[in-house]
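Order of listing sets the numbers, starting from 1, for every ligand and every atom in it.
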Amino acid sequence: MSLTEINFDGIVGPSHNYAGLSLGNLASAKNAGSISQPRAAALQGIEKMRANLQLGLVQGTFLPQRRPDRAWLHDLGTSAEDADAALLANAMSASSMWAANAATVSPAPDTGDGRCHLTVANLITMPHRSHEWGETLAQLQLAFADQRHFVVHGPVPPTFGDEGAANFMRLTPSHGERGVELFVYGASGGPFPARQHIEASKAVARRHKLDPDRVIFVEQAEAAIAAGAFHNDVVAVANENVLFCHEQAFADRDALFAEVARLCPEAVIVEVPADRVSLEEAIATYLFNAQLVTLPEGGQGLILPTESHDSAAVWNWLEAMIEGNGPIRKLIPVDVRQSMANGGGPACLRLRVLADPATIDPRFIVDEAKLDRMAAVIGEHWPETIDAAHLADAGLWTQIDTARRALYEALDLAELI
Ligand code: SUG
């Protein structure tokens, strides 16, 4: 069986809006109240997937969830019609687009039973994200239904916040070999919440039957969370033997690097020094929220947001890195500005699964023709703009519902509607 890295991108849902819901996410706060462009946002996501296909990568997708989430509002003793504006905004978010927060994934070579394990993230810290996991779980159970190859777990019980793969990295000499799994947790975020609890990370590692000697639990720097790195993937990313990170990402960088060297001697750490790119600049440009991918022609490439290209400090550093002939060989900017304005870069939009594509429900795998079909549905049904001050518009709810149904039908996934 050949294991391939597959990136599942969340499609930007038709309710995409800027309600400023995420404390500690600077972009979300900055753009609160702006007019969003759901159609353009979703089409940016489609083009990102298309670009990945053109690089020769295998691409999958997850679908937008029901919004407003009437079941959640019902459990809270209210309804879309009666909820106050703040609660309704929490029920309207399209935040499930950020698939890096859908689940934590331990691929088969790392687990005790040789199957790929996925734990859906509970996302309890943020109210607007806390009700994502049910529909996410339903999609995961369908996409990864083949129990010879996959085990899909429910969420870690509440109290212990779990934000999925955004706080997870894996290092290995090459994809198919046994890896070292790094779980990054937050203890304190200064004025902002630390969203990933160490007990959640430990629970995931136990459920996934990981070898305790091949797991590292590492604390995110308080200063990084306080500067706006609400998830570790805003300041670090790993792929195969490469760890690409900011100097100030971790609470105890030296201890982490020593542990990485001990457990994965093949690892190469590409660290961006703070005196070249400050934490603030790294977070504003999302240079680390890149997809670090192994290119079919060899070497690794960074698929990063155009905002990184716009910053002289960041781009100069990256160009010098490429000239230095390290393991990262190619820079590939992508335009996901609509998602970026809510704090979601290229890496936030995708969940990585290492598996044989033939073992996955093909309805979740895309090719060019399917992307064309998806783009046509989006072009026809997604709202052009949404003003977050007008989320209580029943006409908007109908449009969103029709749009979502049309997409599920186009992908032959009506059973999930
Ligand atoms: O959880 N933004 C998301 C962004 C998630 C980014 N994901 C990763 N780093 N992997 C969040 O903060 C903004 C929603 C709003 O304000 O309406 C939001 O939820």
Side-chain angles (χ1 to χ4, degrees), residues 7-10 12-13 15-38 41 45 62 64-65 67-69 85-105 121-133 136 161-169 184 186 189 192-196 220 224-225 227-238 249 282-283 285-292 304-305 336-352 386-389 391:
N7 288 286
F8 290 80
D9 277 45
V12 180
S15 70
H16 162 62
N17 71 87
Y18 298 122
L21 301 176
S22 265
L23 177 66
N25 170 340
L26 304 185
S28 155
K30 180 174 156 203
N31 293 300
S34 306
I35 307 286
S36 67
Q37 298 178 5
F62 294 132
Q65 304 192 350
R67 296 292 178 265
D69 187 342
L87 201 53
L88 180 63
N90 281 299
M92 281 288 278
S93 176
S95 52
S96 69
M97 73 176 84
W98 297 297
N101 305 116
T104 306
V105 186
N122 64 24
L123 294 167
I124 57 162
T125 306
M126 293 291 154
H128 68 287
R129 306 212 61 179
S130 66
H131 54 103
E132 282 175 32
W133 70 263
T136 302
D162 178 19
E163 303 266 328
N167 297 310
F168 172 88
M169 298 183 288
V184 188
F192 298 143
R195 297 203 210 175
Q196 182 74 34
Q220 205 185 345
I225 302 177
F230 54 94
H231 290 138
N232 172 67
D233 69 1
V234 175
V235 281
V237 60
I283 291 167
T285 59
Y286 263 40
L287 105 109
F288 296 100
N289 198 258
Q291 285 182 251
L292 182 57
L304 72 187
V336 288
R337 287 184 189 277
Q338 280 287 312
S339 167
M340 282 286 287
N342 247 339
C348 298
L349 286 162
R350 64 91 176 92
L351 183 70
R352 278 188 282 192
I386 295 184
D387 180 343
L391 295 177

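- Side chains of S95 and Q65: no donor on one and acceptor on the other come within 3.5 Å.
- Residue-to-ligand polar distances place N342 within reach of ligand 1: an N/O pair is separated by less than 3.5 Å.
- In terms of the side chain to side chain donor-acceptor pair (under 3.5 Å) criterion, R352 has no residue partners (sequence neighbours excluded).
- Checked options T104, V184, N232; the residue passing with F168 is T104 (criterion: side-chain contact (heavy atoms from CB on, under 4.5 Å)).
- Of all the heavy atoms in N25 and G343, the pair that sits closest is OD1-CA, 3.6 Å.
- In terms of protein heavy-atom proximity, atom 5 (C) of ligand 1 is nearest to R129 NH1, 3.5 Å.
- Here the shortest heavy-atom distance to atom 16 (O) of ligand 1, taken over T125, N31, N17, L21, belongs to L21.
- Residue H128 touches ligand 1 through its side chain alone, judged by heavy-atom distances below 4.0 Å.
- At least one N or O atom of S22 sits closer than 3.5 Å to an N or O atom of ligand 1.
- Within the model, atoms NE2 of H128 and CG of D69 stand 13.0 Å from one another, a figure rounded to the nearest 0.5 Å.
- Ligand 1 has a nitrogen or oxygen under 3.5 angstrom from a nitrogen or oxygen of N25.
- For a threshold of 3.5 Å applied to N or O pairs, the pair formed by Y18 and ligand 1 contains no separation below that value.
- Protein heavy atom at the shortest distance from atom 10 (N) of ligand 1 is D233 OD2, 2.7 Å.
- Taken from CG in L292 to CG in L304, the straight-line distance is 10.5 Å, to the nearest 0.5 Å.
- Residue, atom and distance of the protein heavy atom nearest to atom 8 (C) of ligand 1 are C348 SG, 2.7 Å.
- Using a 4.0 angstrom heavy-atom cutoff, R195 counts as in contact with ligand 1.
- Shown in contact with A19 at under 4.0 Å from a heavy atom are these atoms of ligand 1, numbered in order with element: 17 (O).
- On a distance-only criterion, W98 and ligand 1 share no N/O pair closer than 3.5 Å.
- In this structure, M126 falls outside the shell of residues with a heavy atom less than 4.0 angstrom from ligand 1.
- Residue A166 approaches ligand 1 through these ligand atoms, each under 4.0 Å from one of its heavy atoms: 10 (N).
- Atom CG in N342 sits 8.0 Å away from atom CG in L21 (nearest 0.5 Å).
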Verdict with supporting geometry, Q338 and S36, side-chain contact (heavy atoms from CB on, under 4.5 Å): CA-CA 7 Å; Q338 280 287 312; S36 67; 4.3 Å; yes
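- Listed by atom number, the atoms of ligand 1 under 4.0 Å from A100 heavy atoms are 10 (N).
- Closest of all the heavy-atom pairs between S96 and P64 is OG-CA, 4.4 Å.
- Qualifying side chain to side chain donor-acceptor pair (under 3.5 Å) partners for S339, counting only residues two or more places apart in sequence or in other chains: W98.
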